[in-house]
Amino acid sequence: MKLPHYLALLFSISLLVSLAILFVPGLAESIESWMLGFLARNAAV
Amino acid sequence: MTRKILVVALQIIVAMITIPAVALATMSFENRNNDGPSIVFPGGELVSGELYSGPEPDWSFTNDVSTIHLQLDNPLSSRLIWIEESDGKVYITSDYMGTWLGRRWKHWAVQAYEGDGLAVVRINGIRYERKLVRVFYSPLLEGVIDKKIAKYRSRITREAIESGETWVFELAPREGGLNL
């Protein structure tokens, strides 16, 4: 993929992710719960 | 051909770093004005919950409380933090303060120490107006150390406190201050 296309795609996906987190109810909490679960399972004590 | 594979691999790596970073930054931004912190991200002013007024509480109930919400008045931001009760007083601690990175990470402690230290804590849904007063040397620190080790399996030591690696604050009453 050419660099301008790649950057445009990356920007679009990032923007989509940000908007989804800001405006989809409960999505941020779900991501945070998943993240904590992942850390609890995999982080070294 | 090899160059093409390297470019694609690099693009995938950059995307795998950038997209989660943007997501985390957005979540932190979204949480910044919330009524209290989330588990990971700092929040804003503590608004909900009855504001306690009356005589100094019996803080021993905090032995059954794992984390509390701590909000500084300046700046108005809140985070989750451990609490230790000892000898009728309550304390909070901040580790990793001996390094630049630690001070950036636990910047609230620097702000509390260098600022007025005025804070609000929310424990079991009730808000208490307090003042963070840093404790450097005190016989009472032994009780704080013992409580933190017993309660949180912490590796806190008196040497860490005295060297500035760990900062200890008493959640003192706003009027009257420390009584060591």
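Chain A is the first sequence line, chain B the second, and so forth, proteins listed ahead of strands; every chain is numbered from 1.
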Minimum heavy-atom separation for A:Ser14 to B:Val22, with atom names?
-> O-CG1, 3.7 Å

State, yes or no, whether a side-chain contact exists between B:Asn31 and A:Glu32 at a heavy-atom distance under 4.5 Å.
-> no

Common cluster, B:Leu171/B:Phe61, ILVMFWY with side-chain heavy-atom separation under 4.5 Å | yes

Proximity breakdown for A:Leu22 and chain B, heavy-atom pairs closer than 4.5 Å | both

Would B:Phe169 end up clustered with B:Val120 when hydrophobic side chains under 4.5 Å apart are linked, directly or stepwise?
-> no

A:Phe11 CZ: over 12 foreign heavy atoms closer than 6.0 Å | no

Cluster question for you: counting only ILVMFWY and a side-chain heavy-atom cut-off of under 4.5 Å, with indirect links fine, are B:Trp108 and B:Leu46 together?
-> no

Given that the side chain runs from C-beta out, which part of B:Val14 has a heavy atom under 4.5 Å from chain A: side chain, backbone, both or neither?
-> both

Within 6.0 Å of OH in B:Tyr96, more than 12 heavy atoms from elsewhere | no

Honestly, the part of A:Ile21 sitting under 4.5 Å from a heavy atom of chain B is both

If every non-hydrogen atom of A:Ala28 is compared with every non-hydrogen atom of B:Met27, which pair is closest and at what distance?
-> O-CE, 3.4 Å

Shared ILVMFWY cluster between B:Ile123 and B:Ile126, side chains joined below 4.5 angstrom?
-> yes

Check whether any side-chain heavy atom of B:Thr26 lies under 4.5 Å from a side-chain heavy atom of A:Val17, and answer yes or no.
-> no

